[in-house]
Amino acid sequence: MGRDFDFDFIVIGSGFGGSVSAHRLTEKGYKVAVMEMGRRWTPENLPHTNWSLARWLWRPELGLRGFFNMRFFRHATILHGCAVGGGSITYANTLLVPPEKVWSIGPWAGLADWQAEMPRHYQTASRMLGVVENRILGPADHLLKTAAEQTGVGNTFYRTSVGVFQGSEGDPGGKTFADPYFGGEGPQRTTCIGCGGCMIGCRHGAKNSLDMNYLYLAEKHGARIFAETRVVDVRPLDGSGDGLAGYEVRTVSSTSRLGKSKAARRFTCRGVVFSASSLGTMELLFHLKRQGALPRLSPRIGQRVCTNSESLIGVRIPGCEDDMSKGVAIGSGIYIDQNTHIEATRYPAGSDAMFALATILTGGRPGPARVGLWLRNLLAGLLLHPIKTFRLLRPRGWARESVILLCMQALEGHIDMVWKRPWFRPWRRTLVSRGPRIPTFIPQANEFAQKLAKVSGGTAMSMLPEILFNVPGTAHCLGGCVIAGSPALGVVDSRHRVFGYKNMYVCDGSVVAANLGVNPSLTITALAERAMSYLPNASEHKWEDLAAQA
Ligand SMILES: Cc1cc2nc3c(=O)[nH]c(=O)nc-3n(C[C@H](O)[C@H](O)[C@H](O)COP(=O)(O)OP(=O)(O)OC[C@H]3O[C@@H](n4cnc5c(N)ncnc54)[C@H](O)[C@@H]3O)c2cc1C
Ligand code: SF4
């Protein structure tokens, strides 16, 4: 090609898809850079509780430079991570294989023999992320089991599969060992102490976040990671419409207070992997298509966005003797029917900031009637049981006294995102959700929460935005740049190659075309493993030939 490139591949985002891509590309001999908008986290700078808002929440324009973000859309409140290691720094370590039926839902159905191919990639992903059956059951897990038994579904109780370095059952943890996973190539690990702190970042060296495996190995073998670096432009070099001549990637600092233009940089590369998560990749691709940098992108960007049909509810047991925050963040789960899955979830003691989103459980028809019912319940509680209601709503002790129930359903259903100027911010385009409303609560899950409340002597809780704005919350936004057979149906082909461009891939949750009904990170990892397995080693690579396949 006769040109010097800064890198062979630039990977945008360092979450599950990005870290796998960076590691496998580096292993194959490519020169790789990873651009990551979030910060690097270590046990020294992670927050102790989520009251350290500046180190927990990500809103750099407000001086909040943490690793957890919430985005508010008309159809859903979407929770996601932003860090070197992507969502793995804040996630709850739960790594589950979805039911086989998901491969026959949506436009990826029939494009590959998924059922035959995926098991080996799930195996590799599980080995790399150090997945074990959870050996630390806390009081919240025991409560879930008791309530499941009393509801007649005790046989479905299971311990979650988690990416955590754990000692044997009953071991108090806290013992440090030389790398137990990668034959001495990886970092030392310390056994889990069951403090429940996984979602505010593990300060104890037990959580197998991506900076401890895929990213760690990628960096060790030469990948360069640019933290606090946001990609704002990607376009083919030399006006080659399809990227055969390589790409130019422009970045700005995501945290600099000097003004974005001062930190602007330009890089060149032969290929690009978009791994900025479902929301991040949609946002970038919409922007790049709209401004003419990548005009050949499929018009299907933003379609088939899945929220995993989720609902967050819970039970608070004021004054309980047991500490509900003990265990790993998600220690166990049950199935209350064949489509509805509930996991017992927790924050560590002292991390009570989520109290602001919790209130008395309220069902009923969404809208003003439901808000009215909620106000009535609240007022009745304050008048009839003032002390109990006050103890339910007070911030202090929220994490120690609460079992959060994460409810997911593997059902067909999705919304779309469009790129437009919302009425409340007409000067800038952004993602706007549209489509049928997503149910804000799952009646059978609410019933189960009430059962658990009865068993424990606690009070069932709903998420406030679900009641006030009829908007459900989800930590598992997927899709928007889905795998399909043609650009008329999706954005990438079954090997994650972007339709219309050469040497351009999408490897993250945005390619997933179905509600998985389980936490999705293992699937995102396994899909990225599969996509990368099709690339040849750098020494055997003829860029023009590879490009010709796309
Ligand atoms: C509180 C919480 C708990 C969760 N628990 C679980 C769990 O237990 N199990 C599970 O399977 N899943 C869990 N999830 C979901 C999980 O975190 C995501 O599904 C997963 O991280 C998605 O992987 P990804 O590769 O698509 O992107 P991500 O991991 O989100 O990584 C994308 C990265 O790209 C970066 N980025 C975005 N735009 C740009 C840009 N323009 N330039 C540079 N960088 C950019 C972002 O900062 C981010 O770090 C949880 C999520 C949350 C919020
Ligand atoms: S429970 Fe505590 S020690 Fe174990 S992985 Fe989570 S944060 Fe780390």
Side-chain angles (χ1 to χ4, degrees), residues 11-21 34-39 43 46 58 67-70 78-96 129 136 138 160-166 173-174 190-210 226-234 249 251-252 254 274-284 287 308 325-331 343 345-348 354 406 473-478 506-512 516 518-525 527-528:
V11 179
I12 304 171
S14 63
F16 288 88
S19 295
V20 173
S21 305
V34 181
M35 304 296 168
E36 170 52 59
M37 185 164 78
R39 290 168 68 190
L46 280 167
W58 174 256
F67 46 79
F68 173 73
N69 200 356
M70 276 188 267
I78 295 177
L79 322 180
H80 64 100
C82 172
V84 171
S88 77
I89 303 302
T90 191
Y91 94 138
N93 328 301
T94 302
L95 294 162
L96 303 179
L129 296 170
I136 306 176
T160 43
S161 296
V162 290
V164 175
F165 184 48
Q166 295 191 330
T190 302
T191 50
C192 174
I193 59 170
C195 67
C198 321
M199 286 196 282
I200 58 158
C202 179
R203 290 179 293 114
H204 309 285
K207 183 183 194 180
N208 296 331
S209 45
L210 294 162
F226 295 78
E228 298 175 48
T229 301
R230 178 182 194 131
V231 171
V232 290
D233 194 28
V234 177
V249 174
T251 66
V252 294
S254 57
F274 287 89
S275 297
S277 81
S278 173
L279 284 185
T281 295
M282 265 190 284
E283 235 160 15
L284 253 181
H287 167 68
N308 225 6
S325 69
K326 292 295 174 228
V328 290
I330 299 180
E343 292 173 342
T345 309
R346 69 220 76 191
Y347 272 93
M354 288 302 258
L406 170 57
T474 179
H476 301 139
C477 178
L478 297 170
V506 177
C507 286
D508 59 22
S510 69
V511 301
V512 176
L516 300 177
V518 296
N519 323 57
S521 300
L522 190 66
T523 298
I524 297 169
T525 309
L527 280 169

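Below, each value reflects all heavy atoms present in this structure, side chains not excepted, and no hydrogens, waters or symmetry copies. Keep in mind that this is a model prediction, so the values were computed, not measured. Both ligands and their constituent atoms are indexed starting at 1 by order of listing.
In terms of protein heavy-atom proximity, atom 2 (C) of ligand 1 is closest to Thr90 O, 3.9 Å. The protein heavy-atom contact nearest to atom 44 (N) of ligand 1 is Met37 N, 3.1 Å. Closest to atom 6 (Fe) of ligand 2, if we only count protein heavy atoms, is Cys198 SG, 2.3 Å. If you check which protein heavy atom lies closest to atom 22 (C) of ligand 1, you get Ile524 CD1, 3.6 Å. Scanning the protein for heavy atoms near atom 19 (O) of ligand 1, the closest one is Pro520 CG, 3.5 Å. In terms of protein heavy-atom proximity, atom 16 (C) of ligand 1 is closest to Ser521 OG, 3.4 Å. Nearest to atom 4 (Fe) of ligand 2 among the protein's heavy atoms is Cys192 SG, 2.3 Å. The shortest contact between atom 2 (Fe) of ligand 2 and any protein heavy atom is with Cys195 SG, 2.4 Å. Closest protein heavy atom to atom 3 (C) of ligand 1: Tyr91 CA, 3.5 Å. Shortest contact from atom 52 (C) of ligand 1 to any protein heavy atom: Ala475 CB, 3.7 Å.
Of the listed residues (Cys195, Cys192, Cys198), just one forms a side chain to side chain contact (heavy atoms under 4.5 Å, CB included) with His204, and that residue is Cys195.
Within the 4.5 Å cutoff, the side chain of Leu79 has no heavy atoms near those of the Asn69 side chain. Considering only heavy atoms from C-beta on, Val234 stays 4.5 Å or farther from Leu284 through its side chain. Side chains of Val506 and Asp508 form a contact here, defined as non-hydrogen atoms less than 4.5 Å apart.
Looking only at distances, a side-chain donor or acceptor of Ser14 sits under 3.5 Å from a matching main-chain atom of Gly85. Under a 3.5 Å cut-off, the side chain of Thr160 and the backbone N or O of Val162 do not form any donor-acceptor pair. The backbone N or O of Gly38 sits less than 3.5 Å from a side-chain atom of Glu36, completing a donor-acceptor pair. Thr281 places a side-chain N or O within donor-acceptor distance of the main-chain N or O of Ala276, the cut-off being under 3.5 Å. For the pair Thr90 (side chain) and Gly81 (backbone), a donor-acceptor distance under 3.5 Å is absent.
The closest non-hydrogen atom to atom 38 (N) of ligand 1, taken over Ala276, Gly509, Gly163, Ala329, comes from Ala276. Closest to atom 46 (C) of ligand 1 by heavy atom, among Glu36, Glu283, Met35, is Glu36.
The Thr94 neighbourhood of ligand 1 comprises atoms 7 (C), 8 (O), 9 (N), 10 (C), 11 (O), with distances under 4.0 Å to a heavy atom of that residue. Those atoms of ligand 1 with a heavy atom of His476 less than 4.0 angstrom away are 6 (C), 12 (N), 13 (C), 14 (N), 15 (C). Close approach of ligand 1 to Ser277 (heavy-atom distance below 4.0 Å) involves ligand atoms 26 (O), 27 (O), 28 (P), 30 (O), 32 (C). The ligand atoms of ligand 1 that sit less than 4.0 angstrom from a heavy atom of Asn93 are 8 (O). In summary, the atoms of ligand 1 found under 4.0 Å from a heavy atom of Ala92, numbered by their order in the structure, are 3 (C), 4 (C), 5 (N), 6 (C), 7 (C), 8 (O). Ligand-side atoms of ligand 1 in range of Gly87: 17 (O), 21 (O), 28 (P), 29 (O), 30 (O), range being under 4.0 angstrom from any heavy atom. Numbered from 1 in the order shown, with element, the atoms of ligand 2 that lie under 4.0 Å from a heavy atom of Ile193 read 3 (S). Numbered from 1 in the order shown, with element, the atoms of ligand 2 that lie under 4.0 Å from a heavy atom of Val164 read 5 (S). Below 4.0 Å from some heavy atom of Leu79 lie the following atoms of ligand 1, by number and element: 53 (C). Set against the non-hydrogen atoms of Gly197, the atoms of ligand 2 under 4.0 Å away are 2 (Fe), 7 (S). Counting the atoms of ligand 1 from 1 in the order shown, those under 4.0 Å from a heavy atom of Val231 are 40 (C), 41 (N), 42 (N), 43 (C).
Between the NZ atom in Lys207 and the OH atom in Tyr91 there is a gap of 6.5 Å [rounded to 0.5 Å]. Interatomic distance, OG of Ser209 versus CD1 of Ile89, reported as 4.0 Å (0.5 Å rounding). Rounded to the nearest 0.5 Å, atoms SG (Cys82) and CZ (Arg39) are 10.5 Å apart. The structure places CG of Leu95 at 7.5 Å from CG of Asn93, a figure rounded to the nearest 0.5 Å.
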### Derivation of the side chain to side chain contact (heavy atoms under 4.5 Å, CB included) call for Leu46 and Phe67
CA-CA 9 Å; Leu46 280 167; Phe67 46 79; 3.7 Å; yes
### Query
Does the side chain to side chain contact (heavy atoms under 4.5 Å, CB included) test come out yes or no for Arg346 and Ile330, once each step is laid out?
CA-CA 7 Å; Arg346 69 220 76 191; Ile330 299 180; 5.8 Å; no
### Task
In sequence, state the C-alpha distance, the side-chain angles, and the governing distance for Ile524 and Leu478, and then conclude on side chain to side chain contact (heavy atoms under 4.5 Å, CB included).
CA-CA 10 Å; Ile524 297 169; Leu478 297 170; 4.1 Å; yes
### Task
Could you please spell out the steps behind the side chain to side chain contact (heavy atoms under 4.5 Å, CB included) verdict for Leu279 and His80?
CA-CA 9 Å; Leu279 284 185; His80 64 100; 4.0 Å; yes
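Only the side chain of Ile12 comes within 4.0 Å of ligand 1, counting heavy atoms alone; its backbone N, CA, C and O stay farther away. Heavy atoms of Ala83 found under 4.0 angstrom from ligand 1 belong exclusively to the backbone. At a heavy-atom cutoff of 4.0 Å, ligand 1 is contacted by both the backbone and the side chain of Asp508. Residue-level proximity to ligand 1 for Cys507 is absent, since no heavy atom of it falls below 4.0 angstrom. No part of Leu96 comes within 4.0 Å of ligand 1, judged by heavy-atom distances.
Using a non-hydrogen distance threshold of 4.0 Å, Thr229 registers as a contact of ligand 1. Ligand 2 lies within reach of Gly327, whose nearest heavy atom is under 4.0 Å from it. The shortest heavy-atom distance from Leu95 to ligand 1 is not under 4.0 Å.
Using a cut-off of 2.8 Å, one finds that His204 contributes no N/O/S atom close to atom 2 (Fe) of ligand 2. Between atom 6 (Fe) of ligand 2 and Cys202 there is no N/O/S contact shorter than 2.8 Å.
Side-chain N/O atoms of Asn519 and Thr94 include no donor and acceptor closer than 3.5 Å.
Residue Gly17 places at least one N or O, backbone or side chain, under 3.5 Å from an N or O of ligand 1. Here's the thing with Ile330: none of its N/O atoms is less than 3.5 angstrom from an N/O atom of ligand 1.
Between Met354 and Tyr347, the shortest heavy-atom contact is CG-CE1, 3.6 Å. Closest heavy-atom contact between Val328 and Gln166: CG1-NE2, 3.5 Å.
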